[in-house]
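Naming: A, B, ... by sequence-line order, numbering from 1 per chain.
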Amino acid sequence: MFLEFKKQVNSALKKAVGSLNFEIDDFELEASQHADIASKVAFRLASQAKKSPKDIAQQIVEAIELPEDSLLGEIKAVGPYINITSSRSYIDKTVTGIREEGNAFGGGFCEGKILLEHTSANPNGPLHVGHIRNSIIGDTLVRILKHAGYDVETQYYVNDMGRQIAIVSWAFTQFEFDVSKKPDHAIADIYIKANALLNDDPEKIAEIDKRMQLVESGDEETIESFDVAVSHAVSGIKETLMRMNVKHDSFPHESSFIRSGAVSRVVEEIKAIGRTADDKGALVVDLGDYGFEKTLVIQRSDGTSLYTTRDLAYHEWKGERADRIIDVLGADHKLISGQLKATLNSIGKKEPEIVIFEFVSLPEGSMSTRRGKFISADDLLEQIEEQAYMEVDKRRPEMAEGFKREVARTVGIGAVRYDIVKVSPEKSTVFNWKEALDFEKQGGPFIQYSYARACNILRKAGEELSWISAQDIDPSLLVEDTEIDLIKKMASFDSVIDISARELKPHAIAIYARELAESFNQFYRFVPVISAEEEDIRASRLALVECARTVLASALNTLGLGAPESM
RNA sequence: GGUCCCGUGGCUUAGCCAGGAUAUAGCAUCGGGCUUCUAACCCGAGGGCCAAGGGUUCAAAUCCCUUCGGGAUCGCCA
């Protein structure tokens with residue numbers, strides 16, 4: 001609803017400014033503490049009109065004419081600012097809008113097919129707390145984009161033929177694989193051992209090189225040994241992702257692009273535009289005109305392809321299947337993703353939009369699967385759920401064990417996801433157990449609690465008052481400050497979705513969800529619902545609670561947090 | 001050494017790209033609130049020369065330059 005409000009503000013200002021014979025398109029609208037929206041346009045027009053911004057603001061306000069039933073209410077010039085408040089109709093339409101649209105409220109205004117790749121961690125061990133930043137940012141973006149109206153397909157690109165996988169497959173021939181363990185963890189065990197062995201005995205590296213050549217040339221037995229290693233790791237990774245409410249639609253494998261001929265094809269395409277050169281037997285691409293000093297190697301001197309080459313083929317393939325391609329990648333991919341985009345651009349292919357997130361490190365330094373220096377996502381989830389269980393047990397000791405376990409799971413995952421997504425991706429972070437397990441913060445569980453409270457009111461109303469949601473209500477009876485604040489907060493859901501979908505910034509939705517929960521809690525504290533004296537007021541408030549439940553559920557769902565009806 | 005990202009109260013953090021009204025929240029600290037829809041809640045207080053220095057501008061947390069601190073990266077790894 002806020003998007004529509006903004007549109008009306010723009011057109012009202014445009015007309016007013018036009019009637020004063022000023023030329024300007026951008027009204028510099030911004031959120032304000034003094035109104036629902038404010039325009040700074042008077043600053044810009046000051047030089048043009050040779051008048052003070054203050055006078056211009058006043059003039060514009062006087063020139064504004066509002067149509068019947070406008071979403072704009074009071075319009076005031078305060079110094080150079082034009083402060084605009086929404087009308088009663090805005091409030092009423094928001095309530096009816098939510099009641100009519102339900103879960104679709106605040107979205108559905110975009111269209112097109114998006115292919116989004118995220119996580120794509122190498123299958124040489126379990127996901128660690130750094131990888132899940134990728135998964136959570138990626139999955140939240142998927143949910144935001146879907147709500148905005150896009151058709152989104154999510155992919156996990158499986159590196160099943162890199163050097164690291166050659167090492168894992170080789171490790172199977174050197175060490176015992178512990179089948180009693182979760183498979184991705186068991187893979188990490190032998191991978192770490194193999195790396196240590198290669199470190200001690202560099203002559204064995206030739207065996208890895210040999211495997212790399214064999215797999216690329218299509219040797220059945222080697223391919224099979226890679227597949228075994230990869231599928232063990234991937235099955236464990238999938239389990240972890242599922243536990244975090246993260247789902248991928250497909251898992252394309254790198255090797256498939258070799259086998260389909262896509263890799264050789266893309267190499268030929270690059271050769272054809274005359275950008276390639278031979279550098280000591282390796283094939284390199286010159287991207288100097290794109291601002292890259294150094295050339296990009298796309299083929300080793302032994303003729304095998306590299307990650308980059310396969311990634312080029314993968315992106316070419318993705319570009320043929322979607323209107324937009326989005327990749328969520330770690331900070332280590334900044335350079336290479338720039339080169340990837342430049343190369344695709346040079347052969348006239350669709351470029352991906354890249355979302356970069358900075359690294360999560362440990363207090364003692366950076367994480368490394370190879371060296372066994374990492375905290376696995378499974379460990380984190382295990383501990384957080386245990387912590388959450390204690391919190392539930394403390395608050396609802398009388399409830400059944402199954403209830404406590406279920407709530408602990410929902411709340412635990414919620415806390416983890418929220419903590420990660422609420423921070424801007426461009427900040428590097430240091431993982432800290434104490435903070436990760438702290439439930440006192442106003443985070444995921446805070447939002448889930450608001451939702452549970454809303455559910456509880458409605459459940460009680462159903463039991464005690466035989467309330468049903470279809471009842472006709474009068475939204476104009478909602479006049480308390482906290483009611484209006486809550487409604488306005490819900491109204492702005494669409495604009496938050498719009499902004500986070502456009503800028504690919506999931507953390508905006510995290511902040512919004514928290515504010516929405518806060519608004520609901522304030523309403524809950526100050527306005528009686530079930531015990532409201534007058535029946536029509538009670539009905540309107542129940543409808544409002546139901547609206548809040550709807551929007552809270554959407555916000556939680558967009559963040560990938562579970563919505564518990566009781567906790 | 002080159003390039004990119006980050007540096008906001010004790011801790012975590014929004015705002016920065018598109019400069020303007022007293023800089024946003026949370027945690028922690030201190031004070032108040034459960035006979036009333038679950039207190040995982042609500043209300044209030046203190047706490048910031050927005051890393052430092054310079055510049056642009058009527059106006060800078062926001063743009064530019066320099067320095068410092070942290071992270072990432074710099075062809076045949078991924």
Side-chain angles (χ1 to χ4, degrees), chain A residues 26 28 30-34 38 40 42-43 46-47 53 78-81 83 120-122 124 159 162-165 254 279-285 291-302 304-311 330-336 338-339 356-359 361 366 388 391-392 394-396 407 411 415 419 422-430 432 435 438-450 452-454 456-461 464 503 507-508 510-511 514-515 517-518 521-522 524-532 541-542 545 566-567:
Chain A
D26 181 3
E28 302 201 30
E30 62 174 20
S32 165
Q33 313 159 45
H34 312 278
K40 297 185 293 193
F43 282 110
S47 59
V78 178
Y81 297 91
N83 288 345
S120 302
N122 282 326
N124 52 13
N159 168 8
R163 193 163 194 88
Q164 298 164 50
I165 306 311
E254 266 194 52
D279 189 350
K280 293 172 212 143
L283 189 65
V284 300
V285 188
F292 296 97
E293 274 185 45
K294 298 188 175 174
T295 56
L296 174 70
V297 180
I298 56 168
Q299 204 168 65
R300 292 192 186 92
S301 38
D302 67 2
T304 56
S305 64
L306 287 98
Y307 160 82
T308 318
T309 330
R310 295 173 315 246
D311 213 21
D332 53 339
H333 281 70
K334 265 186 235 179
L335 177 62
I336 194 72
Q339 292 170 321
I356 295 284
F357 68 95
E358 294 289 330
F359 274 25
S361 58
S366 56
E391 302 288 337
V392 184
K394 199 162 73 191
R395 293 172 169 90
R396 309 292 296 274
V407 172
V411 163
D419 266 358
K422 74 169 186 199
V423 180
S424 303
E426 63 267 22
K427 301 229 185 198
S428 51
T429 61
V430 177
N432 176 319
E435 262 171 46
D438 181 8
F439 275 85
E440 297 308 310
K441 307 181 286 195
Q442 203 175 29
F446 174 82
I447 305 159
Q448 293 170 317
Y449 183 60
S450 297
R453 281 178 140 184
N456 201 44
I457 293 180
L458 296 174
R459 183 185 56 76
K460 272 207 149 153
E464 295 171 12
E503 301 183 2
H507 79 279
I511 290 159
R514 204 210 65 231
E515 288 172 352
E518 200 168 20
N521 285 341
Q522 281 162 351
Y524 181 97
R525 162 71 180 76
F526 289 109
V527 181
V529 178
I530 289 176
S531 57
R541 287 182 183 164
L542 279 165
V545 171
S566 174
M567 64 184 265

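Residue contacts for Glu503(A): at a heavy-atom cut-off of 4.0 Å it reaches a base atom on one of the strands shown. Residue contacts shown for Ala46(A) are absent, as no nucleic acid heavy atom lies under 4.0 Å away. In this structure, Gln33(A) reaches the bases: a heavy-atom distance under 4.0 Å links it to at least one base atom across the strands shown. Within the 4.0 angstrom heavy-atom criterion, no nucleotide atom of any strand lies near Ala461(A). At the heavy-atom level, Val545(A) lies nowhere under 4.0 Å from the strands shown. Counting non-hydrogen atoms under 4.0 angstrom, Asn83(A) reaches a base of the nucleic acid. No engagement by Val285(A) is indicated, since no non-hydrogen atom pair under 4.0 Å with the nucleic acid exists. At the heavy-atom level, Phe446(A) lies under 4.0 Å from the strands shown only through sugar-phosphate atoms.
The same atom, C1', is picked in A28(B) and in A45(B); the two are 14 Å apart, to the nearest Å. Between the P atoms of U67(B) and C27(B), the separation comes to 40 Å (whole Å). Spacing of P atoms, U24(B) relative to C16(B), comes out at 15 Å, to the nearest Å. Between U62(B) and G19(B), the distance separating the two C1' atoms is 6 Å to the nearest Å. Nucleotides U56(B) and G48(B) have their P atoms positioned 30 Å apart, rounded to a whole Å. Taking atom P on both nucleotides, G2(B) is separated from G10(B) by 33 Å, rounded to a whole Å. C63(B) and U57(B): their C1' atoms are spaced 10 Å apart (whole Å). Nucleotides C17(B) and C4(B), compared at atom C1', are 15 Å apart to the nearest Å.
Taking a pair to require two hydrogen-bonding distances under 3.5 Å in either a Watson-Crick or a G-U wobble arrangement, C63(B) pairs with G55(B). Across all strands shown, nothing is found opposite G19(B) as a Watson-Crick or G-U wobble partner with both distances under 3.5 Å. Under the Watson-Crick and G-U wobble criteria, each requiring two contacts below 3.5 Å, nucleotide A72(B) is paired to U3(B). Here C50(B) sits opposite no nucleotide as a Watson-Crick or G-U wobble pair (both hydrogen-bonding atom distances under 3.5 Å). Applying the Watson-Crick and G-U wobble criteria (two distances, each under 3.5 Å), A28(B) pairs with nothing in any strand.
Nucleotide G31(B) carries an anti base; the chi torsion (O4'-C1'-N9-C4 or O4'-C1'-N1-C2) is more than 90° from 0.
For Tyr449(A), the side-chain contact (heavy atoms from CB on, under 4.5 Å) test picks out Arg453(A), Met567(A), with sequence neighbours left out. Remark: Glu30(A) engages Lys40(A) in a side chain to side chain donor-acceptor pair (under 3.5 Å) (not counting sequence neighbours). A search for side chain to side chain donor-acceptor pair (under 3.5 Å) contacts involving Glu515(A) returns Lys489(A), not counting sequence neighbours. Evaluation of the side-chain contact (heavy atoms from CB on, under 4.5 Å) rule for Glu464(A) yields Lys460(A), Ile530(A) as partners, not counting sequence neighbours. Arg525(A) pairs by the salt bridge (charged side-chain N to carboxylate O under 4.0 Å, His left out) definition with nothing, not counting sequence neighbours. Partners of Ala517(A) under the side-chain contact (heavy atoms from CB on, under 4.5 Å) rule, at least two apart in sequence or in another chain, are Phe446(A), Ile447(A), Ser450(A), Leu552(A). Shown here are the side-chain contact (heavy atoms from CB on, under 4.5 Å) partners of Phe359(A), two or more places apart in sequence or in another chain: Ala331(A), Asp332(A). In this structure Thr304(A) satisfies the side chain to side chain donor-acceptor pair (under 3.5 Å) test together with Arg300(A), Asp302(A), sequence neighbours excluded. Applying the ring pair (Phe, Tyr, Trp, His ring centres under 6.0 Å) criterion to Phe357(A), with sequence neighbours excluded, gives no partner residue.
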What does the list of N/O pairs under 3.5 Å between the protein and nucleotides 5-7 of chain B look like, with a distance for each?
unit_1: C5(B); atom_1: O4'; unit_2: Lys334(A); atom_2: NZ; d: 3.2
unit_1: C5(B); atom_1: O2'; unit_2: Glu426(A); atom_2: O; d: 3.1
unit_1: G7(B); atom_1: OP1; unit_2: Lys427(A); atom_2: NZ; d: 3.1

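Here the CG atom belonging to Asp311(A) is positioned 7.0 Å from the NE2 atom belonging to His333(A), to the nearest 0.5 angstrom. In this structure, CD1 in Ile298(A) is found 9.0 Å from CG in Leu306(A), a value given to the nearest 0.5 Å. Atom-to-atom distance recorded for Ser428(A):OG and Glu426(A):CD is 10.5 Å, nearest 0.5 angstrom. Atoms CZ and OG, from Arg459(A) and Ser566(A) in turn, are 7.5 Å apart once rounded to the nearest 0.5 Å.
In this structure, CZ of Phe43(A) is placed 13 Å from C1' of U57(B), rounded to the nearest angstrom. In this structure, Ile511(A) places its CD1 atom 19 Å from P of A23(B), rounding to the nearest Å. Taking atom CZ of Arg395(A) as the reference point, atom P of C41(B) lies 7 Å away to the nearest angstrom. Rounded to whole angstrom, the span from the CD1 atom of Ile356(A) across to the P atom of U3(B) amounts to 19 Å. The CD-P distance, from Glu28(A) to C17(B), rounds to 11 Å in whole Å. The separation between Lys422(A) atom NZ and U24(B) atom C1' is 14 Å, rounded to whole Å.
Summarising the geometry of Pro53(A) relative to Pro80(A), their closest heavy-atom pair is CB-CB, 3.6 Å, with the distance given to 0.1 Å.
Under 4.0 angstrom from either OP1 or OP2 of U12(B) there lies no side-chain N or O belonging to His507(A). For A14(B), one of the phosphate oxygens OP1 or OP2 lies less than 4.0 angstrom from a side-chain nitrogen or oxygen of Ser424(A).
Remark: side-chain polar atoms of Ser32(A) are paired, donor with acceptor, to backbone N or O of His34(A) under 3.5 angstrom.
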Contact pattern, 5' to 3', of nucleotides 73-78 of chain B - B, S or - by protein heavy atom under 4.0 Å: SSBBSB
Under 4.0 Å protein heavy-atom contacts per nucleotide of nucleotides 26-37 of chain B, with B for base, S for backbone only and - for none: SSS--------B
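Set against A21(B), A39(B), C42(B), the side chain of Asn521(A) has C42(B) as its closest nucleotide.
If you find the closest nucleotide of RNA chain B to Glu391(A) and to Gln522(A), the one lying nearer the 5' end belongs to Glu391(A).
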